[in-house]
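Note sheet for the following structure.
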Amino acid sequence: MATILDGKNLREKILSDLKNRIESFETKPTLVVILVGENPASKIYVNNKKKVAEKIGINSQIINYPENISEQELIKKINELNENKNVHAILVQLPLPDGISKSNVINAISPEKDVDGFTPYNIGKLFSGEKPKVYPCTPKGILLLLDEYNIELEGKHAVVVGRSGIVGRPMAQMLLDRNATVTICHSHTKNLEKIIKTADILISAVGKNIIKGEMLKPGCVVVDVGIFKDENGKTRGDVDFESSLKVASYISPVPGGVGPMTITSLMLNTVELFMNNS
Ligand code: NAP
């Protein structure tokens with residue numbers, strides 16, 4: 001029976017340490033989150049980030065713009081925040097409405113305040129094997145979780161399913177930096193099942209329930225990033241938990257695995273940027 005990779009427990013531990021550290025700071029870190037439009041899921045995410053930030057002593061502000069704000073106005077605000085010495089971390093909640101270029105907006109954030117690690121400077125550093133100002137939150141959280149359970153990565157075959165800019169691609173690079181041998185899969189991958197069967201470490205970030213226990217290599221480590229509601233409204237991941245529990249050595253649940261670690265990384269990144277710039 002696999003050991004559960006408990007993201008909730010690790011979140012509490014890390015955030016409690018972080019809260020103590022922040023208490024000792026004379027000035028407090030400030031995180032500004034920009035939300036454009038009324039996307040209900042985005043609103044929940046943004047409010048949750050604010051709630052967690054405030055709980056541990058990070059000042060946080062949500063700037064909510066209407067859907068019809070222009071790209072220029074948005075970039076003007078980001079430039080103001082870049083100049084504001086009291087703001088240490090800036091996050092633009094994605095997705096942005098049609099008509100606003102995600103890359104133009106993200107590119108406007110100063111790399112020194114880029115709490116998601118998504119600006120070209122930080123991504124460029126990451127993909128050239130150098131240290132970015134901060135690492136993207138979800139893959140960073142996954143590595144924290146694997147490290148907590150002393151899971152060896154060096155020399156292991158890590159299979160990453162999904163190649164998005166926020167999860168799959170940075171995850172693959174960060175595993176490579178930890179000396180894993182990495183295969184990246186996506187919707188055009190042939191023989192996905194065969195590749196999954198060879199994974200010592202399987203990270204799945206797809207958003208569809210595509211992985212069953214019988215597809216796994218016995219004893220592998222499974223990290224399920226996917227999260228979606230099934231037809232009965234139940235929160236599910238990419239991996240069939242019950243059947244995989246019997247085959248894997250470690251498995252992260254959904255919910256309670258990667259999700260809590262993503263928000264934890266956001267808080268850690270806010271404090272890192274604050275420390276670097278004060
Ligand atoms: P995304 O941008 O939609 O990317 C999904 C990836 O899955 C794409 O690369 C796609 O391939 C691939 N894919 C789709 N169907 C596939 C299939 N049948 N076989 C193999 N690969 C397939 O999604 P994302 O933003 O990375 O998010 C992925 C999931 O993780 C979502 O459920 C999201 O909600 C969740 N998520 C969770 C957290 C968290 O903190 N827990 C954070 C971020 C994301 P192509 O590139 O070929 O289209």
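Counting starts at 1 for both ligands and their atoms, in listed order.
- The pair K156-E152 does not count as a salt bridge, with every side-chain nitrogen at least 4.0 angstrom from each carboxylate oxygen.
- Among residues two or more places apart in sequence or in another chain, the ring-ring contact (aromatic ring centres under 6.0 Å, His included) test is passed with Y121 by none.
- Of the N and O atoms on the side chains of T181 and H157, not one donor lies less than 3.5 Å from an acceptor on the other residue.
- Under 3.5 Å, the side chains of T119 and D114 contain a donor-acceptor pair of N or O atoms.
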Tabulating one pair per line, provide the atom names and distances (0.1 Å) for every N/O atom of ligand 1 that is less than 3.5 Å from a protein N/O atom.
| residue | atom | partner | partner atom | Å |
| --- | --- | --- | --- | --- |
| ligand 1 | 9 (O) | R163 | N | 2.8 |
| ligand 1 | 11 (O) | S187 | N | 3.2 |
| ligand 1 | 15 (N) | K208 | NZ | 3.0 |
| ligand 1 | 21 (N) | S187 | N | 3.4 |
| ligand 1 | 26 (O) | S164 | OG | 2.5 |
| ligand 1 | 30 (O) | V225 | O | 3.4 |
| ligand 1 | 32 (O) | I227 | N | 2.9 |
| ligand 1 | 32 (O) | I227 | O | 3.1 |
| ligand 1 | 34 (O) | I227 | O | 3.4 |
| ligand 1 | 40 (O) | T262 | OG1 | 2.7 |
| ligand 1 | 46 (O) | R163 | NE | 2.7 |
| ligand 1 | 47 (O) | R163 | NE | 3.4 |
| ligand 1 | 47 (O) | R163 | NH2 | 2.8 |
| ligand 1 | 47 (O) | S187 | N | 3.2 |
| ligand 1 | 47 (O) | S187 | OG | 2.6 |

Donor-acceptor pairs under 3.5 angstrom involving side-chain atoms of residues 167-180: please list them, not counting sequence neighbours.
| residue | atom | partner | partner atom | Å |
| --- | --- | --- | --- | --- |
| R169 | NE | R163 | O | 2.7 |
| Q173 | NE2 | D177 | OD1 | 3.2 |
| R178 | NH1 | D147 | OD2 | 3.2 |
| R178 | NH2 | D147 | OD1 | 2.7 |

For residues 257-265, tabulate all N or O donor-acceptor pairs below 3.5 Å that involve a side-chain atom, not counting sequence neighbours.
| residue | atom | partner | partner atom | Å |
| --- | --- | --- | --- | --- |
| T262 | OG1 | T138 | OG1 | 3.1 |
| T262 | OG1 | V258 | O | 3.3 |
| T264 | OG1 | P260 | O | 2.7 |
| S265 | OG | C137 | O | 3.1 |
| S265 | OG | G141 | N | 3.1 |
| S265 | OG | M261 | O | 2.9 |

